[in-house]
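A quick write-up on the structure given underneath.
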Amino acid sequence: MINLFIGKDNAPRSRKSYRVVCYLGSWANYRRDDGKFKIEDIDPELCTHLIYGFAKLNHNNRIAAYDSYLDLKENWGLGAYERFNGLKKKNPQLKTLIAIGGWNEGSTKYSQMARSASSRRTFINSSVEFLQKYGFDGLDLDWEYPALRGGVPEDKGNFVQLLKELKDAFSSRGLLLTAAVSAGKNTIDKAYDVPSVSRYLDFINLMAYDFHGGWDPVTGHNSPMYARPNENDEQKTLNVDYAVRYWLNKGCPADKLILGMPLYGRSFTLKDAKNSGFEAPASKGNAGEYTGEKGFLGYHEICKKLKQEKDWKVTMDKHVQAPYAVKDRQWIGYDDIKSITRKVEYLIKMNLGGAMVWSIETDDFRGRCHGYANPLLRAINTALGGASSPQPELNINPSNKIPRFTSTTALPTTKTNRPKTTVNNKPPEVTTNAVDLPCSKNGYFRHPDNCKQFYICQSQNADYQVYQFSCGPGTVFSEKLSTCTFPHSAPGCS
């Protein structure tokens, strides 16, 4: 835990411990050049809890490694689990967890698993065995989301029952139980019995980002702090402050709520370069050179652009309290050192339990922009009163400095009517009973006509139930690895 003294006039009156929860997107191991991120690139002193993303739920309701080649040592694998948990040797206070689920895993499998006592028991027993076998200190349940995306209304209660039974099994073994949860009002109402969920979780990671993105037809910031005055009632729910207060008002204890912060931004391509404010008509922006996903840029990619390319105009809106950058028709809403610090100051004011980041491999982990590594994560530590603090900025050619902000409260010149928006409304994978796909055994299989799609065969009576999915942008399915990966790692799909 990070300890902070709180009191007026810098007088220490009380001491509070904060969590700094750091997610790892393990697939960054496959990125190229400066984007490649290995376990050894993690600084374990900057986090109190490290969460490995992701494990998956098998057709037999058991937890399993998502990418066995990367995750495990068996069969000449890279052994990322062992290396990840080995970071506790460098920081004995560090706790490690593994997250199961995530956006691409969907909801259907989890909904089916949670419906019966026997399938929950199978999952729980396998989870205990899995955590103990690989040396994790706990499980982060990232079911996105109960009662949605192929789920059923009963998921809301079944999720609570699953958490209760997991907690009962974990407590006696000293294992942690956490969850990543939505920041969208509509999702919260349908998915979570907040008081009950809060009772069984050690802490709750609020995904306070993806409020806006390339799935919207107009520009909007990824993680705005507050609503802007001209937004309609629904739009005014899509910000950090509303999400935090909503969870608290629904019954979540403040000290269990961990404020999620993005170490990435969302990009748009403007329809008209002359209309470049908020709610300007737009589509998904260009992909980052390392992350390779349209509409998404890691902070390491954003700060590099701002440092090396001319003519980027950076604006900070006083309500959003985070910058957006515009050049020609490219529009990027992101967080930087100043806005991340403001978010930390906010969580302190709200008496929350700490900060969470998604995800450490998109910080400037090589220190290319500011002269020291992990500037956003270090800003969190600094603002929370931790031992870590940024190093002095190196001498950089003034022409390559990241542009200063211009403050504005101006509204866009053209107002468009926004459609209904829900948080994390990324393009979902297809989930269907695809009866035309071949099944001869249970398992995961690449679609015969499309490398970007895969399906699961699950035996049911004398036949097979088939669920079809799509890989995330820029990835394809590898039958060898049983996961979505980059094309060069999947023979026949490059």
Side-chain angles (χ1 to χ4, degrees), residues 1-2 17 19-30 37-58 60-102 105 121-143 162-163 165-180 200-203 205 258 354 356-361 365 377 481-483:
M1 294 291 187
I2 287 177
S17 295
R19 300 175 182 91
V20 178
V21 181
C22 303
Y23 279 89
L24 166 69
S26 60
W27 51 90
N29 177 82
Y30 298 117
F37 188 95
K38 299 184 293 183
I39 300 299
E40 290 70 28
D41 292 313
I42 299 172
D43 185 341
E45 299 291 341
L46 295 178
C47 310
T48 63
H49 298 75
L50 273 171
I51 302 183
Y52 189 103
F54 287 102
K56 65 183 178 183
L57 183 64
N58 262 348
N60 58 6
N61 296 313
R62 294 178 62 86
I63 187 174
Y66 200 99
D67 180 344
S68 56
Y69 169 69
L70 172 63
D71 300 339
L72 308 179
K73 288 184 64 177
E74 291 88 335
N75 299 315
W76 300 279
L78 299 180
Y81 286 173
E82 181 177 289
R83 292 152 56 208
F84 186 80
N85 288 311
L87 294 171
K88 289 183 281 191
K89 295 176 182 177
K90 296 182 178 179
N91 178 6
Q93 280 70 52
L94 180 69
K95 298 295 184 183
T96 60
L97 298 89
I98 189 160
I100 183 171
E105 271 271 284
R121 189 179 311 113
T122 297
F123 171 68
I124 293 165
N125 289 342
S126 75
S127 296
V128 170
E129 178 185 352
F130 188 96
L131 297 176
Q132 293 180 331
K133 177 178 180 179
Y134 296 113
F136 291 99
D137 298 305
L139 180 73
D140 182 71
L141 193 56
D142 195 355
W143 175 357
L162 174 63
L163 293 179
E165 293 170 9
L166 276 165
K167 186 64 175 176
D168 289 343
F170 282 16
S171 293
S172 61
R173 298 171 172 88
L175 297 171
L176 294 169
L177 179 61
T178 67
Y200 299 118
L201 292 171
D202 290 296
F203 56 86
N205 297 312
I258 310 300
M356 174 269 279
V357 296
W358 179 271
S359 48
I360 53 177
E361 76 283 353
F365 64 93
L377 190 52
L481 302 177
S482 292
T483 186

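Note that the structure is predicted; figures quoted are calculated from it, not measured. Throughout, residue positions are numbered sequentially from 1 according to the sequence presented.
Using a distance-only test at 3.5 Å, with no hydrogens or angles considered, a donor-acceptor pair links the side chain of Asp43 to the main chain of Glu45. At distances below 3.5 Å, not a single donor-acceptor pair connects side-chain atoms of Thr96 with backbone N or O atoms of Phe136. Counting only distance, with no hydrogens or angles, the side chain of Thr48 and the backbone of Val20 share a donor-acceptor pair below 3.5 Å. With hydrogens and angles ignored, the 3.5 Å screen pairs a side-chain donor or acceptor of Glu361 with a backbone N or O of Gly25.
Side chains of Tyr23 and Asn205: a donor on one and an acceptor on the other come within 3.5 Å. For the 3.5 Å distance criterion, the side chains of Tyr52 and Asp71 qualify, holding a donor opposite an acceptor.
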Between Tyr30 and Asp67, does a side-chain contact (heavy atoms from CB on, under 4.5 Å) hold up when you go through it step by step? CA-CA 12 Å; Tyr30 298 117; Asp67 180 344; 2.6 Å; yes
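Two rings, from Tyr81 and Tyr134, have their centers less than 6.0 Å apart.
In this view, Arg121 and Ala117, Ser118, Asn125 satisfy the side chain to side chain contact (heavy atoms under 4.5 Å, CB included) rule, not counting sequence neighbours. Judged as a salt bridge (Lys or Arg N to Asp or Glu O under 4.0 Å), and not counting sequence neighbours, Asp41 has no contacts. Listed by chain and number, the residues in a ring-ring contact (aromatic ring centres under 6.0 Å, His included) with Phe123 amount to none (sequence neighbours excluded).
Between Arg83 and Glu40 a salt bridge is recorded (basic side-chain N to carboxylate O distance below 4.0 Å). In summary, Asp202 and Lys167 engage in a salt bridge, as defined by a charged side-chain N under 4.0 Å from a carboxylate O.
Minimum interatomic distance between Ala64 and Ala55 (heavy atoms only, all atoms of both residues): O-CB, 3.4 Å. Across every non-hydrogen atom of Leu163 and Leu177, the tightest pair is O-CD2, 3.7 Å. Closest of all the heavy-atom pairs between Ile39 and Leu24 is CD1-CD2, 3.7 Å.
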